[in-house]
Amino acid sequence: MASLQQTRRRIASVKNTQKITKAMKLVSASKLRRAQDRILKARPYALKMGALLSNLGARVSRDVHPLLVRQPIRKVEFVVIAADRGLCGSFNASIFRRATDALRAHQAQGREVSLTLVGRKARDYFRRRGLPTRHTMVNVFDKLSFDHAADLARNEMDAYLAGAFDEAWLVYAEFKSAMTSVIRLQRLMPIEAETTAAEGGTGADYLYEPSDEELLADLVPRSIEIQVWRALLESSASEQGARMMAMDSASRNAKDMITKLTTVYNKTRQAAITKELMDIVGGAEALK
Amino acid sequence: MEVAAGKLLLEVVTPEDLILSEEVDEVTAEGVEGDFGVLPGHINFLTALRPGALAYRIGTSTTRIEIRGGIAEVLDNCVTILAASRA
């Protein structure tokens with residue numbers, strides 16, 4: 001059995017760990033609130049954009065914009081959005097698993113795959129696996145702004161238009177609640193007619209200025225930007241939720257451990273006292 | 001959304017925020033093919049905007065805000081500006 005002093009030190013160390021995990025939980029909780037707030041704020045723009053796009057898309061033929069045209073698919077790009085940091089349970093791992101499954105499926109069909117990685121954890125994970133990485137973006141989630149989304153979207157569109165790939169998918173964790181998120185695999189390019197129509201167009205007739213084709217050309221890149229932006233926001237909220245849960249269970253584990261160690265400590269202490277008493281009593285007996 | 005008679009509902013949204021949602025009397029903006037004004041009862045209208053000023057009038061007071069380009073939609077007395085981002 002460990003000595004009294006050793007046990008005391010273990011208890012002190014677990015208590016310190018618990019302080020850290022509790023603090024991290026609180027920090028994640030407040031970051032989560034902010035992230036949720038931003039998702040809500042992004043919604044009006046995204047909804048309006050979806051409605052306009054489906055409205056215009058319905059009246060203009062698909063081949064007017066290269067981002068709407070479907071081509072035979074030989075090369076596929078995956079944009080994997082994970083976290084910059086760990087200590088968030090299985091958050092990163094489940095995203096990587098989903099992304100790996102998806103790209104294996106495409107490879108099995110003889111297609112080339114390439115990766116764009118967002119978040120330091122994503123970069124580190126896939127770097128060790130020797131997959132062709134086209135672009136990386138790290139350390140973005142601390143100060144996430146729309147500019148990040150715009151940069152990323154611009155990079156994807158340029159590469160797509162230059163023929164680097166024929167299809168691009170987003171892999172990210174969609175935020176459901178602090179406890180749950182769903183890993184989504186969503187096509188970014190070319191834009192799907194089904195998804196644009198599903199957003200619900202108003203079917204209203206407008207006076208266009210300039211022509212509807214030119215307006216559509218203006219809308220399509222913006223719509224891709226907003227899709228990327230939403231994915232980044234969802235992912236960042238999911239990450240904080242996952243971290244909050246992970247830190248909560250870590251704090252609870254620490255609490256259990258402290259209880260157990262305290263019991264051990266008290267037992268050891270009692271045993272030592274009993275032993276000392278026996279010694280004294282034994283000594284007194286011997287003197288009689 | 002219901003708009004009071006003789007008024008326009010002006011909404012300015014960016015990807016990051018809903019900047020403005022107000023009932024106004026007149027909106028003036030800079031479209032790619034020229035500046036335009038919107039009064040209540042305007043025909044449904046969709047245009048791209050140049051980076052520049054967006055002005056709106058409530059009664060006699062006029063407010064100007066700068067936007068970095070975007071899309072303007074006029075639909076049933078609702079003016080929605082999808083601004084690129086905060087200027």
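Lettering follows sequence order; numbering is per chain, from 1. Scope of the values below: all heavy atoms of this structure, side chains included, with no hydrogens, waters or symmetry mates.
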> Between B/Ile43 and chain A, which part of the residue has a heavy atom less than 4.5 Å away: side chain, backbone, both or neither?
Replying inline: side chain

> Is it true that A/Asp84 and A/Lys121 have a side-chain N and a carboxylate O under 4.0 angstrom from each other?
Replying inline: no

> So, A/Trp229 and A/Gln227: side-chain donor and acceptor under 3.5 Å apart, yes or no?
Replying inline: no

>> For chain B, which candidate among A/Leu207, A/Asp37, A/Leu40 shows the most heavy-atom pairs at distances under 4.5 Å?
In response: A/Leu207

> Applying the side-chain contact (heavy atoms from CB on, under 4.5 Å) test to B/His42, which of B/Leu75, B/Leu8, B/Val74, B/Val79 qualifies?
Replying inline: B/Val74

> Salt bridge between A/Lys75 and A/Glu77, side-chain N to carboxylate O under 4.0 Å?
Replying inline: no

>> Using a 4.5 angstrom heavy-atom cutoff, name the option from A/Ile226, A/Leu215, A/Leu233, A/Asp218 with the most pairs to chain B.
In response: A/Leu215

